Amino acid sequence: MAVKYIDQIEMKDQRVMIRVDYNVPYDKEMNITDDTRITATLPTLEYCLNNGAKIILVSHLGRPKGQIKQSLSLKPVAIRLSEIIKKPVRFIDSPLGNETINITQSMNNGEIILFENIRFYPGEEKNDRTLGELIARHADIFINDAFAAAHRGHSSNFAVTEFIQTVAAGFLLKSEIEYSQKTIESAERPFGAIIGGAKVSSKLDALTNIVSKVDFLIIGGGMAFTFLKANGHSIGNSLLEEELIDSAKDIMKKAKEKNVTILLPVDIVGAQEFDNESPNAVYPADAIPDDIIGLDIGPESIKLFSEEIKKARTVIWNGPMGAFEMPNFSRGTNEIANVLADSDCLSIVGGGDSVTAVNKAGVSDKISYISTGGGAFLEVLEGKILPGIAALDRY
Ligand code: AMP
């Protein structure tokens, strides 16, 4: 793949359109509760400002489904960005009107414009070419810095690129490509993956792909029980996807053929109810009583997984080891976060819950790279070429 990065592009006096992901969380009063997604784009914005560009920002927010919804306006983001970057940010609520062309054509170097939520246009999610062309009229250069949206091929990150000659990845997207995508292909070994979360079904493609790339695969969380069942163990009332037992067997078979170690929990913390207050105890993973739900990995599993992680040079983690939102079942996830943080391997964490887990454990600054993508990160694990990145591949 040949994608140019932003620092390989000459941009002085040019209108640089940056597709960002400002899909930030809001509270009921429309206050932005977390501006990480805004601050994550600062390296790209500052680079453009320092290199004499005019900046036009395009983003989506939530799922307005092609309709104008004031509750999903990006106006508060323009205000917050302006505070952070200490410069005016002009908000344009009708980005594709003819009068907006005059505005973007008469911008001065160093000016910043943020367009209204691009998903207010019905064509956006359909990757409508006409919409892509209309968006492209405002730009000489297109930079994609929205990794978290890169698994979607929409007008503002795909069709638009057909109509702009110079396209490149911003610094955020560059990091994601360098860390997540390239690591999987050429990781320093031993290379391991820790995959957890509720269900095998949502991560089947990721498990199938990653098992042929790694030296070891740790499987925790609710999905581990389908694997334990596939090995003939009784799993009590734990999460089970009966129809995926054969898939679990296939993954374990593939691992064996490729000499990949699969590590499953050897003990679990279980309770009778899916409830933090339900009395809990540790059970061997091959003898879970009928009335028990496995809700976390047990101490022996933590030890087993930790030993393997400590030997690795590269580890990728997606998905919690248990129902970690409940404090009594959060220990496994928390301990794995700490072990990963303390190891000197290249550690890459992606996916909403795993990122929450490393933040909760207070160790995010000791993780080598935290991906900004949920669905996009999972598709990288699946080995897919993301449309938003493929659209930049033309050199
Ligand atoms: P995912 O979105 O697939 O990564 O799944 C994350 C969810 O899996 C979290 O909300 C956890 O509470 C849940 N989870 C993890 N382990 C278990 C388990 N043993 N039983 C039930 N839910 C679990």
Side-chain angles (χ1 to χ4, degrees), residues 148 151 180 193-210 217-231 233-242 244 247-248 251 263-286 288-302 305 316-337 340 348-361 370-382:
H151 58 315
S180 312
I194 310 167
I195 308 285
K199 291 183 169 178
V200 180
S201 48
S202 59
K203 303 209 176 145
L204 184 59
D205 291 345
L207 288 164
T208 306
N209 180 54
I210 210 80
L217 172 59
I218 291 173
I219 300 175
M223 68 170 63
F225 296 99
T226 299
F227 284 82
L228 291 169
K229 183 80 177 176
N231 281 342
H233 300 323
S234 52
I235 58 165
N237 268 334
S238 310
L239 261 181
L240 169 67
E241 287 170 287
E242 190 104 44
L244 290 181
S247 303
I251 290 168
L263 294 170
L264 293 170
V266 288
D267 59 350
I268 59 107
V269 181
Q272 281 181 343
E273 311 288 336
F274 191 88
D275 181 343
N276 188 51
E277 304 312 320
S278 185
N280 65 72
V282 175
Y283 302 94
D286 58 359
I288 302 172
D290 287 349
D291 59 343
I292 290 296
I293 312 170
L295 292 170
D296 195 8
I297 55 172
E300 289 304 317
S301 309
I302 294 173
F305 295 175
I316 285 198
W317 182 19
N318 173 275
M321 296 290 96
F324 78 117
E325 297 91 340
M326 297 187 273
N328 288 339
F329 306 106
S330 65
R331 186 176 155 209
T333 303
N334 194 42
E335 299 247 346
I336 294 301
L340 194 56
I348 299 165
V349 176
D353 284 319
S354 341
V355 175
T356 306
V358 291
N359 286 335
K360 247 173 141 177
I370 297 181
S371 174
T372 54
F377 184 77
L378 198 58
E379 290 201 14
V380 170
L381 294 185
E382 290 168 4

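Numbering of ligands and ligand atoms starts at 1, following listing order. Predicted model only: the values in this text are computed from it and were never measured. Residue numbers start at 1 and run along the sequence shown. Below, all heavy atoms of this structure are taken into account, side chains as well, without hydrogens, waters or symmetry copies.
Residue contacts with ligand 1 include K203, since one of its heavy atoms falls under 4.0 Å from the ligand. Residue contacts with ligand 1: G351 is excluded, as none of its non-hydrogen atoms falls under 4.0 Å.
Between the side chains of D291 and Q272, a donor-acceptor pair is found at a separation under 3.5 Å.
Here the CD1-CD1 distance, from I293 to I235, works out to 11.0 Å after rounding to the nearest 0.5 Å. Interatomic distance, F225 CZ to S238 OG, rounded to the nearest 0.5 Å: 4.0 Å.
Put simply, the side chain of P284 does not reach to within 4.5 Å of the side chain of D267, judged on heavy atoms.
Among protein heavy atoms, the minimum distance from atom 6 (C) of ligand 1 is reached at D353 OD2, 3.0 Å. When hydrogens are left out, the protein atom nearest atom 8 (O) of ligand 1 is A198 N, 3.1 Å; that is the closest non-hydrogen contact.
Residue G222 holds the heavy atom nearest to atom 16 (N) of ligand 1 of all those in G196, G220, G222. Considering each of G197, G294, G322, S354, the one bringing a non-hydrogen atom nearest atom 19 (N) of ligand 1 is G294.
More than 12 heavy atoms of other residues, nucleotides or ligands shown are found within 6.0 angstrom of CD on E325.
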Only distances under 3.5 Å count here; give the side-chain donor-acceptor pairs of residues 193-204 to other protein atoms, sequence neighbours excluded, each with its distance to 0.1 Å.
| from | atom 1 | to | atom 2 | distance (Å) |
| --- | --- | --- | --- | --- |
| S201 | OG | E241 | OE2 | 2.4 |
| S202 | OG | K199 | O | 3.3 |
| K203 | NZ | G196 | O | 2.9 |
| K203 | NZ | N318 | OD1 | 2.9 |

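Set against the non-hydrogen atoms of F225, the atoms of ligand 1 under 4.0 Å away are 19 (N). The ligand atoms of ligand 1 that sit less than 4.0 angstrom from a heavy atom of G221 are 16 (N), 19 (N). Of all the atoms in ligand 1, the ones that sit under 4.0 Å from a non-hydrogen atom of F274 are 21 (C), 22 (N).
Any N or O atom pair closer than 3.5 Å counts here, and E325 shares at least one such pair with ligand 1.
Just one of D353, D296, N334 meets the side-chain contact (heavy atoms from CB on, under 4.5 Å) condition when paired with F324; it is D353.
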